[in-house]
Protein chains: 2
Amino acid sequence: MPRVIPEETRKRLRDELENEILTGHIPPGQKLDEVSLATRFGVSRTPIREVLQQLASAGLVEIRPRRGAVVAQLGPEQLVQMFEVMGGLEGMAGRMAARRHTEEDRKALQRIQDACLAAARSGDTDAYYYENERFHQAIHAASHNAFLIEQCTALHRRLKPYRRLQLRHRNRMASSLAEHTAVLEAILALDGDRAERLMRDHVVIQGERFTDFIAMLAEKVPAG
Amino acid sequence: MPRVIPEETRKRLRDELENEILTGHIPPGQKLDEVSLATRFGVSRTPIREVLQQLASAGLVEIRPRRGAVVAQLGPEQLVQMFEVMGGLEGMAGRMAARRHTEEDRKALQRIQDACLAAARSGDTDAYYYENERFHQAIHAASHNAFLIEQCTALHRRLKPYRRLQLRHRNRMASSLAEHTAVLEAILALDGDRAERLMRDHVVIQGERFTDFIAMLAEKVPAG
DNA sequence: GTCAACATTCTTGTATACACGATTGCGAGG
DNA sequence: CCTCGCAATCGTGTATACAAGAATGTTGAC
């Protein structure tokens, strides 16, 4: 039994667990038993505990002293609030992008917007989801604020599982694309105020639609 | 040697270490030796490592694999970026506060503003610093977005050591107070857009002044 | 049959032993 | 005198032992 984890296993530990939580493979509220996880990954409890701590700091799991770790559950209210903040952050990014983007940023944004358009035309939701993500990332990058990028990425990741479902509903893909177009226009026109507002609304609308959906589900399920 | 940390020691561990970093008692770049810390606090390395992990997640220390933990250093650029984001977050809070504050929020805000005024009149920088913090907290609270409050608090804490020096300079206290007044007016007038803008500028100005100061220092010291 | 109190079991939190990468200091070669 | 390489040392990462709180099951009384 090696005393040094084979370099990749360390990351695998964290990434795999994080993924299973983010994808919902391990459902919210599920208890995370240290021993089981340790056995499963073939390591001792020590590195498992470290990973759990990190995931707790990221808000993915909740550690109750002496009572173990569970996958964090986000209620409708928390989701609304997080989408609201996400909107604010993305709005910031939009504003900064409008004021600071470089020629390369322009090109990248337009290229990705084209890809979004293509995905939307072909009706490929998964492809659109992927390109949508890249579009947002490109705007973050164009803000040229590394700290903001970090914050956006972190929150984006955390909300990921909730956004995914949501594009499949109605013709959200079409309106999303239209909103992108408007945002991009504002950015290219160097209009920071407008870019911020449009971007914020774009994200908040997503959030609202989704949280409506969640709230609807929540009514049928007793809080637990 | 007790195997169970006496309940309070656990928090003391984290708080004390965090404080010493935030106050600069342990200077940025300083190596944090696990064994020394363990000895100092009278515990083993295990809880120390946990605390270090948490502080790393909060951005206060940097853990370099196999090479130990050091107190994180923020360069001028990072500080600018963080203040920029802080401004955005506080702006968000201002906007939401304008739209959502309750009667209690109104009263609290006015009460604290009065306290700020009193502190400014008496020229007591420390008192003003304290009341200023409370004013910002009151605005956060009036946003009624718990997640935003968390984010603001976290970033606020992290920037704390940098803001403190800065009020002592010039007549920053007077202009800070004037800015508060304007922000409060906008909030009480339910003008979200204006509250956001004023609040953002208020914070960003603080940041800029401070980072100018830091940048000035940085020129004299070779990057290390 | 229900509930409470106790004993048992399970799981977490801490301490410690040990392995191995990183650092450092020394000596040999240029 | 400087540099490179190696050896000794140091410090971190992991596994494991153990203590004590939490959960669970059992038994007894009402």
Side-chain angles (χ1 to χ4, degrees), chain A residues 1-18 20-21 26-73 223-224, chain B residues 1-18 20-21 26-73 223-224:
Chain A
M1 201 178 288
R3 290 238 166 189
V4 160
I5 294 186
E7 176 173 6
E8 71 180 290
T9 305
R10 233 191 120 75
K11 283 185 182 170
R12 207 171 58 82
L13 264 187
R14 164 148 196 193
D15 289 347
E16 206 163 308
L17 203 54
E18 187 173 328
E20 292 188 12
I21 291 173
I26 306 180
Q30 169 93 39
K31 190 154 191 299
L32 295 167
D33 182 61
E34 295 177 359
V35 180
S36 320
L37 290 171
T39 318
R40 169 179 157 193
F41 287 108
V43 299
S44 80
R45 282 173 51 221
T46 310
I48 295 292
R49 282 177 65 82
E50 262 185 31
V51 169
L52 289 178
Q53 287 266 348
Q54 291 173 230
L55 294 178
S57 298
L60 290 176
V61 314
E62 189 183 348
I63 296 181
R64 303 157 307 172
R66 279 276 177 202
R67 306 190 52 222
V70 297
V71 177
Q73 346 199 20
Chain B
M1 200 178 288
R3 290 238 166 188
V4 159
I5 293 186
E7 177 173 5
E8 71 180 286
T9 305
R10 231 189 122 75
K11 282 184 183 170
R12 206 172 57 82
L13 264 187
R14 162 147 197 194
D15 288 348
E16 206 164 308
L17 204 54
E18 186 173 329
E20 292 189 11
I21 291 173
I26 307 180
Q30 169 93 40
K31 190 153 190 301
L32 296 167
D33 183 62
E34 295 177 358
V35 180
S36 320
L37 290 172
T39 318
R40 170 179 158 193
F41 286 107
V43 299
S44 79
R45 281 174 51 218
T46 310
I48 295 292
R49 282 178 64 82
E50 260 184 34
V51 169
L52 290 178
Q53 287 266 348
Q54 291 173 229
L55 294 178
S57 298
L60 291 176
V61 314
E62 188 183 347
I63 295 181
R64 303 158 305 172
R66 279 274 177 202
R67 306 189 51 220
V70 297
V71 177
Q73 345 200 20

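Values below: all heavy atoms of this structure, side chains included; hydrogens, waters and symmetry mates excluded. Numbers restart at 1 for each chain; the letters A, B, ... are given by sequence-line order, proteins then strands.
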In Å and rounded to the nearest 0.5 Å, what is the OG to CZ distance from B:Ser44 to B:Arg49? 10.5 Å

Rounded off to whole Å, could you give me the CG-to-P distance for the B:Leu37 and C:dA15 pair? 14 Å

If the condition is side chain to side chain donor-acceptor pair (under 3.5 Å), which residues does B:Glu18 pass it with, not counting sequence neighbours? B:Arg14, B:Arg157

Residue-phosphate contact under 4.0 Å: A:Ser44 side-chain N/O, D:dA15 OP1/OP2: yes

Please name all residues satisfying salt bridge (Lys or Arg N to Asp or Glu O under 4.0 Å) with B:Glu16, sequence neighbours left out, ordered by chain then number. B:Arg12, B:Arg40

Starting at CZ of A:Arg14 and ending at P of D:dT14, how long is that distance when rounded to a whole Å? 14 Å

Tell me the interatomic distance from B:Leu52, atom CG, to D:dG11, atom P, rounded to whole angstroms. 15 Å

The criterion is salt bridge (Lys or Arg N to Asp or Glu O under 4.0 Å); which residues satisfy it with A:Glu62, sequence neighbours excluded? none

Looking at residues at least two apart in the chain, or sitting in another chain, which of them share a side chain to side chain donor-acceptor pair (under 3.5 Å) with B:Gln54? none

Please identify each residue that fulfils side chain to side chain donor-acceptor pair (under 3.5 Å) with A:Asp15, with sequence neighbours left out. none

Can you name the atoms? Protein N/O to nucleotides 9-12 of chain C N/O, anything below 3.5 Å, with the distance.
| from | atom 1 | to | atom 2 | distance (Å) |
| --- | --- | --- | --- | --- |
| C:dT12 | OP1 | A:Lys31 | NZ | 3.3 |
| C:dT12 | O2 | A:Arg66 | NH1 | 3.0 |

A:Arg10 has an atom CZ; how far is it from atom P of D:dG13, in whole Å? 7 Å

